[in-house]
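Below is one structure; the comments refer to it alone.
Model, not experiment: these values are computed from the prediction.
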Amino acid sequence: MATDAAVSKEGLVIPLIDFSKFLDGSPQEKTATAKAILDGFQTAGFVYLKKHPIPADALRHAFARSADFFAQPLEAKQRLGWTTPQANRGYSSPGREKVTQLQDAAEVERVRSQAPDLKESFEIGRESDPAHRNHWPADEGGLRGFRSDMNAFFDSCQALHRDLMRAIALGMGIDEDYFAPYVSAADNTLRLLHYPEVKADVFRVNPGQVRAGEHSDYGSVTLLFQDNRGGLQVQSPNGQFVDATPIEGTIVVNAGDLLARWSNDTIKSTIHRVVEPPRKEGKEYPPRYSIAYFCNPNFDSFIETLPGTYAAEAEKKYTGINSGEYLVQRLAATY
């Protein structure tokens, strides 16, 4: 099945895939779509999905509620502050998190002090977790219904996550439900992101300044919903960064480090970043909003090399690892 390209530059080709063909197409269309998704993850580490099951009005509403949250005074948001890597819930003020590939705490702090990420975020985990509670604002005023709206959007993303993992399994030629026991708990994170308006000369004065630093994601896959401002870039095979331009009605989906490890590196977890937007509007760049849904295997899952990605034991690149322990280790280096 031929697929269109959402991005094609510098040797990086990110396919634009009609996901309805996997959900509602013929058996042949379903299989071809699954293989196209897997191929995108194996070659680029990214795909764009169109005709996905999350309605446009639900997405517009989620972005509006995100703007409602970030419009609060800083002190109100800080009362909901992010606490620990184990919980990974709550508000992070601009400059607190520094996304990077570095894992040494001192080196991360050095980079953070030179060019802090120009963003704030709010992390939401599964509501049913008895060990870690979400940090919700009071259900009143402009944030009335925020909690129920975000939980509903979390559930919609989780349903898509399950469908995507079925597609990956089918594309790999293993049982379509292979991943079902690994994604049943919804140990995922819904992240609301706000990149505040910023003076255009910030990027000129500090050439290393970005809105979010170069990084790969940690888990299995990430669903990224962008507004139309732009700034997301993906690293091409030749090392150049290429604009992942927003396409209305699509979701950008990328593979994470744990899925790459799980697949014996047959799937790529590709470096990406958020930089100076391509459009300059006067002396300031307007705010940018995005929503990321970070998908993970259940935190109690033990992740071992997937069948079909090696012929002999000696070809396994990684030993098995507990999903939750791995993710906490990665988060601890970021904050």
Before you tell me yes or no, could you show the steps for Gln86 and His132 under side-chain contact (heavy atoms from CB on, under 4.5 Å), namely the whole-Å CA-CA distance, both residues' side-chain angles and the distance that decides it to 0.1 Å? CA-CA 8 Å; Gln86 290 76 15; His132 303 290; 4.0 Å; yes
Might you work through the salt bridge (charged side-chain N to carboxylate O under 4.0 Å, His left out) test for Glu123 and Arg89, ending with a clear yes or no? CA-CA 5 Å; Glu123 319 281 335; Arg89 286 160 163 79; over 6 Å; no
Test side-chain contact (heavy atoms from CB on, under 4.5 Å) on Arg162 and Ser184 and set out the steps. CA-CA 8 Å; Arg162 290 193 296 265; Ser184 57; over 6 Å; no
Taking it one step at a time, do Arg60 and Asp57 satisfy salt bridge (charged side-chain N to carboxylate O under 4.0 Å, His left out)? CA-CA 5 Å; Arg60 282 192 294 270; Asp57 59 348; 5.5 Å; no
What do the steps show when you test Lys317 against Ser263 for side-chain contact (heavy atoms from CB on, under 4.5 Å), and what is the final call? CA-CA 10 Å; Lys317 294 184 178 182; Ser263 74; over 6 Å; no
In sequence, state the C-alpha distance, the side-chain angles, and the governing distance for Phe146 and Phe69, and then conclude on ring pair (Phe, Tyr, Trp, His ring centres under 6.0 Å). CA-CA 8 Å; Phe146 177 80; Phe69 176 84; 5.7 Å; yes
Between Thr33 and Leu170, does a side-chain contact (heavy atoms from CB on, under 4.5 Å) hold up when you go through it step by step? CA-CA 9 Å; Thr33 303; Leu170 182 61; over 6 Å; no
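Looking at Thr270, its side chain does come within 3.5 Å of a backbone N or O of Ala44 through a donor-acceptor pair. Remark: the backbone N or O of Asp39 is paired with a side-chain donor or acceptor of Thr43 at under 3.5 angstrom. Checking side-chain atoms of His161 against main-chain N and O of Val183 turns up no donor-acceptor pair under 3.5 Å. Between the side chain of Gln78 and the main chain of Glu75, no donor-acceptor pair closer than 3.5 Å is present. When atom types are taken as modelled, the side chain of Asp177 and the backbone of Ala180 share no donor-acceptor pair closer than 3.5 angstrom. Not one N or O on the side chain of Ser220 forms a donor-acceptor pair closer than 3.5 Å with the backbone of Leu259. In this structure, the side chain of Ser269 engages the main chain of Asp257 through a donor-acceptor pair within 3.5 Å. Judged by distance alone, the side chain of Trp262 and the main-chain N or O of Glu304 form a donor-acceptor pair under 3.5 Å. Not one N or O on the side chain of Asp163 forms a donor-acceptor pair closer than 3.5 Å with the backbone of Leu23. With hydrogens and angles disregarded, a donor-acceptor distance shorter than 3.5 Å links the side chain of Thr31 to the backbone of Pro27.
With sequence neighbours left out, the ring-ring contact (aromatic ring centres under 6.0 Å, His included) criterion links Phe153 to Phe225. Not a single side chain to side chain donor-acceptor pair (under 3.5 Å) links Ser8 to another residue, sequence neighbours left out. In this structure, the ring-ring contact (aromatic ring centres under 6.0 Å, His included) partners of Phe154, at least two apart in sequence or on a different chain, are Tyr293. By the ring-ring contact (aromatic ring centres under 6.0 Å, His included) test, Tyr48 pairs with no residue at all, sequence neighbours left out. Every residue meeting the ring-ring contact (aromatic ring centres under 6.0 Å, His included) condition with Tyr178, not counting sequence neighbours, appears here in chain and number order: Tyr182. Under the side chain to side chain contact (heavy atoms under 4.5 Å, CB included) criterion, His194 pairs with Phe70, Glu120, Pro196, Pro287, Tyr289, sequence neighbours left out.
Both tests do not hold together for Arg229 against Tyr285: distance to the six-membered ring centre under 6.0 Å, angle to the ring axis within 45°. Geometrically, Arg288 engages Tyr195 in a cation-pi contact defined by less than 6.0 Å to the ring centre and at most 45° from the axis. A cation-pi arrangement is present between Lys30 and Phe22, with the terminal nitrogen or guanidinium carbon under 6.0 Å from the aromatic centre and inside a 45° cone about the axis.
Of the N and O atoms on the side chains of Asp217 and Asn254, at least one donor lies less than 3.5 Å from an acceptor on the other residue. Counted by atom type alone, Ser128 and Arg126 present one or more donor-acceptor pairs between their side chains at under 3.5 Å. For the 3.5 Å distance criterion, the side chains of Asn238 and Ser236 qualify, holding a donor opposite an acceptor. Counted by atom type alone, Asn296 and Tyr218 present zero donor-acceptor pairs between their side chains at under 3.5 Å. For the residue pair Asn228 / Glu248, no side-chain donor-acceptor distance below 3.5 Å is found, with atom types taken as modelled. Using modelled atom types, one finds a donor on one side chain and an acceptor on the other under 3.5 Å when comparing Asp18 with Ser20. Side-chain polar atoms of Asn188 and Gln158 form a donor-acceptor pair below 3.5 angstrom.
Of the residues listed (Thr250, Leu223, Ile251, Val253), the one engaging His52 in a side-chain contact (heavy atoms from CB on, under 4.5 Å) is Ile251, and it is the only one.
Separating the CG atom in Leu232 from the OG atom in Ser290 is a distance of 8.5 Å, to the nearest 0.5 Å. Between the OG atom in Ser148 and the CG atom in Asp139 there is a gap of 7.0 Å [rounded to 0.5 Å]. Within the model, atoms CD of Gln329 and CG of Asn322 stand 11.0 Å from one another, a figure rounded to the nearest 0.5 Å. Separation of atoms CG (Asp265) and OG1 (Thr309) is listed at 9.5 Å; rounding is to 0.5 Å. Taken to the nearest 0.5 Å, the NZ atom of Lys77 stands 7.0 Å off from the CD atom of Gln72. Note that NE2 of His272 is 9.5 Å distant from CZ of Phe241, once rounded to the nearest 0.5 Å.
Note: Phe122 and His135 fail the aromatic proximity criterion, with ring centroids not under 6.0 Å apart.
Placement of Val328 and Tyr326 in two distinct hydrophobic clusters is found when ILVMFWY residues are connected by side-chain heavy-atom separations under 4.5 Å, directly or transitively. In the hydrophobic clustering of this structure, Leu258 does not group with Tyr310; members are Ile, Leu, Val, Met, Phe, Trp, Tyr whose side-chain heavy atoms approach within less than 4.5 Å, directly or through other members.
At a threshold of 4.5 Å between non-hydrogen side-chain atoms, the residues Pro237 and Leu12 count as touching. Side-chain contact check for Leu143 versus Asp68: some heavy-atom pair is nearer than 4.5 Å. The shortest side-chain heavy-atom distance between Val252 and Gln226 falls under the 4.5 Å cut-off. Within the 4.5 Å cutoff, the side chain of Pro53 has heavy atoms near those of the Leu160 side chain. A heavy-atom distance below 4.5 Å is not found between the side chains of Ser323 and Asn298. At a threshold of 4.5 Å between non-hydrogen side-chain atoms, the residues Ile303 and Arg261 do not count as touching. Counting heavy atoms from C-beta outward, Lys119 and Val274 have side chains that stay 4.5 Å or more apart.
The pair Arg133-Glu127 fails the salt-bridge criterion, with no side-chain N (NZ, NE, NH1 or NH2) lying under 4.0 Å from an Asp/Glu carboxylate O.
By the neighbour-count criterion of 12 heavy atoms within 6.0 Å, atom NZ of Lys35 is sparsely surrounded, having that number or fewer from other residues, nucleotides or ligands. Crowding of Lys316 atom NZ: a count of heavy atoms from other residues, nucleotides or ligands under 6.0 Å exceeding 12.
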